[in-house]
Protein chains: 4
Amino acid sequence: MPEDKRQLILEASVRVFARKGYHTSRVGDIAEEAGVAHGLLYHYFKSKEELLETIFRNTWTLMLDTIRGVESLDDPSRETLRKVAAIVLRAWRDTPDIVRVLVREVTRSPHLQQEIGEIEQAFAALERVIRKGQESGEFRDGVDPRFASFIFYGALEEILTGWVMGQLPDTEEDVRIAERTIVEMLCDGLLSAAPVRA
Amino acid sequence: MPEDKRQLILEASVRVFARKGYHTSRVGDIAEEAGVAHGLLYHYFKSKEELLETIFRNTWTLMLDTIRGVESLDDPSRETLRKVAAIVLRAWRDTPDIVRVLVREVTRSPHLQQEIGEIEQAFAALERVIRKGQESGEFRDGVDPRFASFIFYGALEEILTGWVMGQLPDTEEDVRIAERTIVEMLCDGLLSAAPVRA
Amino acid sequence: MPEDKRQLILEASVRVFARKGYHTSRVGDIAEEAGVAHGLLYHYFKSKEELLETIFRNTWTLMLDTIRGVESLDDPSRETLRKVAAIVLRAWRDTPDIVRVLVREVTRSPHLQQEIGEIEQAFAALERVIRKGQESGEFRDGVDPRFASFIFYGALEEILTGWVMGQLPDTEEDVRIAERTIVEMLCDGLLSAAPVRA
Amino acid sequence: MPEDKRQLILEASVRVFARKGYHTSRVGDIAEEAGVAHGLLYHYFKSKEELLETIFRNTWTLMLDTIRGVESLDDPSRETLRKVAAIVLRAWRDTPDIVRVLVREVTRSPHLQQEIGEIEQAFAALERVIRKGQESGEFRDGVDPRFASFIFYGALEEILTGWVMGQLPDTEEDVRIAERTIVEMLCDGLLSAAPVRA
DNA sequence: GATGAATGAGATTTCATTCAT
DNA sequence: AATGAATGAAATCTCATTCAT
């Protein structure tokens with residue numbers, strides 16, 4: 001049975017990292033979780049760190065492709081942002097362990113973060129969406145698109161973090177509420193009276 | 001005055017954690033940075049972890065007090081949020097290393113699970129501000145205040161992260177732009193045409 | 001013809017051992033050098049050690065036979081020693097990698113303790129030549145033939161080592177000089193005035 | 001009791017390397033032999049390899065100094081060579097474990113050998129002695145001094161090797177015989193009739 | 001014959017922490 | 001208070017060898 005051991009090990013590492021954190025996870029734990037000898041791990045991956053790197057890269061590549069797909073639909077900008085929010089937030093219900101690992105480790109690995117251009121590209125994509133919204137007149141000028149993209153991404157990530165840390169409720173209904181809240185807040189604003197627009 | 005060396009070590013640990021991350025920092029690095037023998041560290045602190053805990057508690061308490069101070073001024077809610085954003089973002093220029101450590105290590109560290117209680121209080125304060133704004137009619141209903149507080153916090157944190165990682169410009173002027181962008185985006189919204197408010 | 005691959009592996013191992021030394025060479029290196037899967041190696045050889053053993057035995061046997069051939073010619077002893085020196089030293093130009101391995105690994109390897117019996121035979125042959133020279137009156141008495149054989153062998157080996165390590169020049173002309181130097185020095189001596197012989 | 005643990009470890013490593021060979025010796029063996037925790041080894045030495053390197057360098061430095069001392073006495077060249085031979089050969093009785101390690105490992109560590117300029121300097125010293133003998137007329141011309149120094153050194157090393165491998169007798173009397181044999185053979189030659197000198 | 005995935009014993013090294021001085 | 005030698009648990013990684021295909 002030629003089950004793909006490489007994939008087996010990779011998925012095991014996601015579960016173990018999610019459970020114990022990267023630094024606290026031992027290579028032996030991962031091998032045990034995968035049901036293979038620990039030596040095999042080094043047949044497929046150069047090091048423990050390469051596992052984490054692979055998880056990062058795989059996920060971000062996928063995420064980026066999806067975002068680009070959404071971008072190319074040419075929806076109104078608000079709708080594009082909503083779809084992006086939906087994709088990111090629903091990852092929590094689809095692959096919670098991966099989200100756990102990313103949320104907990106990504107920020108703490110300055111080394112990794114730099115190597116992974118995908119993250120930067122995600123910001124760039126968000127920035128494009130916002131800038132395009134401004135050019136079309138749907139979004140107002142005067143908001144810096146670069147900072148805005150960070151704000152949007154930070155909002156998404158913090159909600160994921162809240163779920164990971166168990167600080168926020170996360171039923172399916174909650175996920176929908178979170179999605180709507182982000183879009184309404186960032187696009188429509190908190191204020192009840194519309195501000196005077198220049 | 002024995003507090004001297006203790007403080008020396010603590011400040012050294014902030015710099016080292018900021019530079020290399022908690023897990024990657026060795027006790028010897030901190031001692032070297034402080035210019036003392038590594039044994040001395042254990043005279044003042046129980047363990048390496050206690051250092052991180054101390055950094056967190058010192059800063060977080062201060063931050064929390066400042067936020068509560070702002071809260072008690074009874075400004076309009078939008079103005080309160082602006083002041084909170086200003087305090088947090090300006091900390092970057094004043095004590096960037098501490099910000100680095102808090103952003104990277106503390107908020108999402110399983111080490112400090114017990115500290116989550118104190119982190120929670122920050123979210124609770126933000127939530128109060130938003131809820132109060134809704135009750136006074138300044139903010140519209142229909143936005144979940146709990147999620148909104150996470151969004152606000154996440155926006156702040158991501159901009160700090162952008163600065164930490166060198167992805168965002170951080171001159172004094174930029175800090176002001178960031179502050180304004182956050183408040184405008186979250187309170188007034190991205191849209192150019194004010195939506196119909198129920 | 002299955003001997004093909006066997007020979008391929010054997011020759012590859014000579015090159016790899018010569019380049020990196022026995023202990024530092026990995027079985028995978030040898031397989032790669034030979035262009036075969038490393039598993040195949042175990043089809044032809046019991047272990048990594050058997051490779052070294054095989055190299056040794058092949059070469060040493062050949063060398064020993066040649067020396068014995070020279071011995072049986074019944075030349076004057078000085079001429080016999082010259083021919084032995086010539087054979088050994090010229091091997092460097094013909095098969096430098098094998099010489100490298102023999103010089104570096106085999107002669108002083110505890111792995112091949114059992115092979116010392118065969119090494120011993122080389123010394124015994126040299127000893128016989130010297131002793132015979134003494135009996136015929138060509139060489140003087142008073143020089144211990146056993147020690148003398150080691151001195152002769154050591155002289156040869158060190159020059160080979162010098163070539164292996166790049167410390168000595170090794171053009172064809174140099175090889176001839178080396179050969180002459182050894183014979184002159186060991187047979188005629190360094191002194192300009194002949195000592196009084198008892 | 002401030003016994004020098006560094007020295008303790010170094011000496012233990014000599015014994016262990018002598019007994020089992022460098023590659024076969026485990027760091028734990030050395031620590032056990034020294035009666036310390038294996039971690040301490042890394043307090044004093046960067047790695048297992050640095051131990052071997054230190055042994056090499058210490059011994060060669062000592063040896064080189066001694067040779068230079070002998071050189072500066074300005075004895076007749078034959079006498080200088082005799083004294084050098086005596087120093088080198090007597091090392092076997094004085095510090096047999098060190099000799100064992102050097103004889104067995106030195107040739108097999110191409111890496112180390114290059115780093116240790118002392119070896120080359122020893123050859124240079126021998127070369128100087130021989131050349132000086134030629135210039136003074138004590139030694140005849142026509143023998144290449146560089147090759148001659150290798151021959152001399154090789155003769156010494158092979159006799160040490162014979163002792164290490166148990167192939168040669170090594171009573172005090174034997175050591176004296178070896179010393180005399182080397183000098184007689186290399187200076188006076190094997191021949192009973194003095195050759196015609198040009 | 002030939003492959004290379006799989007194994008696992010075992011090696012080196014790191015580093016937080018202790019403690020005698 | 002201050003030092004840094006000493007400890008040893010624990011972690012990562014290597015690599016000769018086996019064996020199913």
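Everything numeric in this text was worked out from a predicted model, so none of it was measured. Quick note on labels: first sequence line is chain A, next is B, and so on, each numbered from 1.
The distance from atom NE2 of A:His23 to atom P of F:dA10 is 18 Å, rounded to the nearest whole Å. Per the geometry, OH belonging to C:Tyr44 stands 17 Å off P belonging to F:dT18, to the nearest Å. Atom pair D:Lys5:NZ and F:dA6:P shows a separation of 4 Å (rounding to whole Å applied). One can place CG of B:Asp4 at 14 Å from C1' of F:dA2, the figure rounded to the nearest angstrom. For the pair C:Leu8 CG and E:dG1 P, the interatomic distance rounds to 13 Å; values are reported in whole Å. To the nearest angstrom, P of E:dA5 lies 16 Å from CD of A:Gln7.
Base pairing analysis places F:dA20 opposite E:dT3; the two distances defining the Watson-Crick or G-U wobble pair are each below 3.5 Å. A 3.5 Å limit on both hydrogen-bonding distances identifies E:dC15 as the Watson-Crick or G-U partner of F:dG8.
Residues C:Leu52 and C:Val101 have side chains in contact (heavy-atom distance under 4.5 Å, counting atoms from C-beta outward).
Checking side-chain atoms of A:Asn58 against main-chain N and O of A:Ile55 turns up no donor-acceptor pair under 3.5 Å.
The side-chain contact (heavy atoms from CB on, under 4.5 Å) with D:Ile98 is formed by just one residue from the set D:Thr59, D:Leu62, D:Val103; it is D:Thr59.
The stretch residues 27-35 of chain B has no heavy atom under 4.0 angstrom from DNA chain F at all.
Comparing E:dT17, F:dA16, E:dT7 against the side chain of A:Val36 picks out E:dT7 as the nearest. Closest contact between the side chain of C:Lys48 and the listed nucleotides E:dT12, F:dA16, E:dA16 involves F:dA16. Comparing atom distances between the D:Tyr42 side chain and each of E:dT12, E:dA16, F:dT18 picks out E:dT12 as nearest.
In terms of phosphate contacts, A:His43 brings no side-chain nitrogen or oxygen within less than 4.0 Å of OP1 or OP2 of E:dA6.
A 6.0 Å sphere centred on CD of B:Glu32 holds no more than 12 heavy atoms belonging to other residues, nucleotides or ligands.
Residue contacts shown for C:Thr24 are absent, as no nucleic acid heavy atom lies under 4.0 Å away.
The base of E:dA2 is not paired with the side chain of C:His38 by any donor and acceptor separated by under 3.5 Å.
For B:Glu33, the salt bridge (charged side-chain N to carboxylate O under 4.0 Å, His left out) criterion is met by B:Arg15, B:Arg19, not counting sequence neighbours.
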